[in-house]
Every structure is written in structure tokens, then in C-alpha cells.
Amino acid sequence: MPPGGHLSTALRCGPELSSPEGVEAQTCVVVRGEDVWARTYHRNLTGGTLDAALALLGPDRRSVRSRCAVSAGDDPSLCETPSVRIAGAPAEYTAVAEFARYTASADGTGDGLLLRSGSNSAAGEGR
């Protein structure tokens, strides 16, 4: 550990994306020391609770996943996966978040996927 006991944190984030339904997100790979994890910053302006699935994908074909309930509101929030030890180069990790609403309508269909955000997404790849 460096003098003073502080490790720097590096973020590699994709673009800030938004869906027509009102979900905004930016997804990142976070590296601190020998640890890596996924983080997504989000706002939910849909008026209802959403489900978020977040995954950190590693170079060894392993993944770490988290699920988060995303409350409606204008306040920004975040969801993270647990951290893991880096295996390979930090640049070989990617993060993907999917925001969905699963409410059945009268005809048996639901809303489904509202936004997909990634740490290496190009601008405009929101859905």
C-alpha cells in the first residue's frame, strides 16, 4: 500500500446514455489496487421501480453479477458488483448494465429492457 494508506481509483466509463422511457445511466469498470468491479450510475425518471442487472466480465471468461432495485426519482444513485482480484490487464475487463421493467399488461406482454449501458459502448448504442 502506498505511503499514507491510500490507493488511487481508476474509472473506465462508457458514455452517458438515456432511454425514451426516462432511464439515464453510465457504466464503468473500477480498479483500485489489485481489485476490480463494475459500477453503474443511474437515474430513474420512469415513475416506477426498475430492475438493474450489472455484470463485470473478465478476460478469463468469468463474470461477477449483481442485481439492484432502482427506485423512481430524480436523485442519481449507483449499483456495484462485488470486487474481485484482477486476473490479467485491467483494460481487459468490461461492465454491462441492463435496466428493465417487468410489468405484465392485459395482453400478456411487459415492458422488458429499457436501457443497456456498457463501459465500452460507443455513443448512441443505448438500446
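All residue numbers in this chain count up from 1 along the given sequence.
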Look up atom CG in L114 and atom CZ in R101, then write down how far apart they are to the nearest 0.5 Å. 5.0 Å
Rounded to the nearest 0.5 Å, how far does CG of L56 lie from OG of S63? 8.0 Å
Side-chain heavy atoms of Y41 within contact of P76, under 4.5 Å: no
When you compare the side chain of V23 with that of T46, does any pair of heavy atoms fall below 4.5 Å? yes
Is there a donor-acceptor contact under 3.5 Å from the side chain of [X] to the main chain of [Y]?
X   : Y   : answer
S18 : E24 : no
D51 : A69 : no
Q26 : G14 : yes

State, to 0.1 Å, how close [X] and [Y] come at their nearest heavy-atom pair, and which atoms those are.
X    : Y   : answer
A97  : L54 : CB-CD1, 3.9 Å
V31  : V36 : CG2-CG2, 4.0 Å
S117 : L17 : CA-CD1, 4.0 Å

What ring-ring contact (aromatic ring centres under 6.0 Å, His included) pairs are there with at least one residue in residues 56-87, not counting sequence neighbours? none
Which pairs, with at least one residue in residues 47-80 and sequence neighbours excluded, count as a ring-ring contact (aromatic ring centres under 6.0 Å, His included)? none
How would you list, by chain and number, every residue that makes a ring pair (Phe, Tyr, Trp, His ring centres under 6.0 Å) with F99, sequence neighbours excluded? H42
According to side chain to side chain donor-acceptor pair (under 3.5 Å), who are the partners of S66, at least two apart in sequence or on a separate chain? none
Residues passing the side chain to side chain donor-acceptor pair (under 3.5 Å) test with T40, sequence neighbours excluded, are T27
Going by disulfide (SG to SG under 2.5 Å), name the pairs with one or both residues in residues 18-67, residues two or more places apart or in two chains. C13-C28
Enumerate, atom names and distances included, each donor-acceptor pair closer than 3.5 Å involving a side-chain atom of residues 79-92, sequence neighbours excluded.
from: E80; atom 1: OE2; to: W37; atom 2: NE1; distance (Å): 3.2
from: E80; atom 1: OE2; to: R39; atom 2: NE; distance (Å): 2.6
from: E80; atom 1: OE2; to: R39; atom 2: NH2; distance (Å): 2.7
from: T81; atom 1: OG1; to: A38; atom 2: N; distance (Å): 3.0
from: E92; atom 1: OE1; to: A89; atom 2: N; distance (Å): 2.9

L57: which other cluster members, linking ILVMFWY side chains closer than 4.5 Å, directly or transitively? V96
Which residue pairs pass the salt bridge (charged side-chain N to carboxylate O under 4.0 Å, His left out) test with at least one member in residues 62-78, sequence neighbours excluded? R43-D74
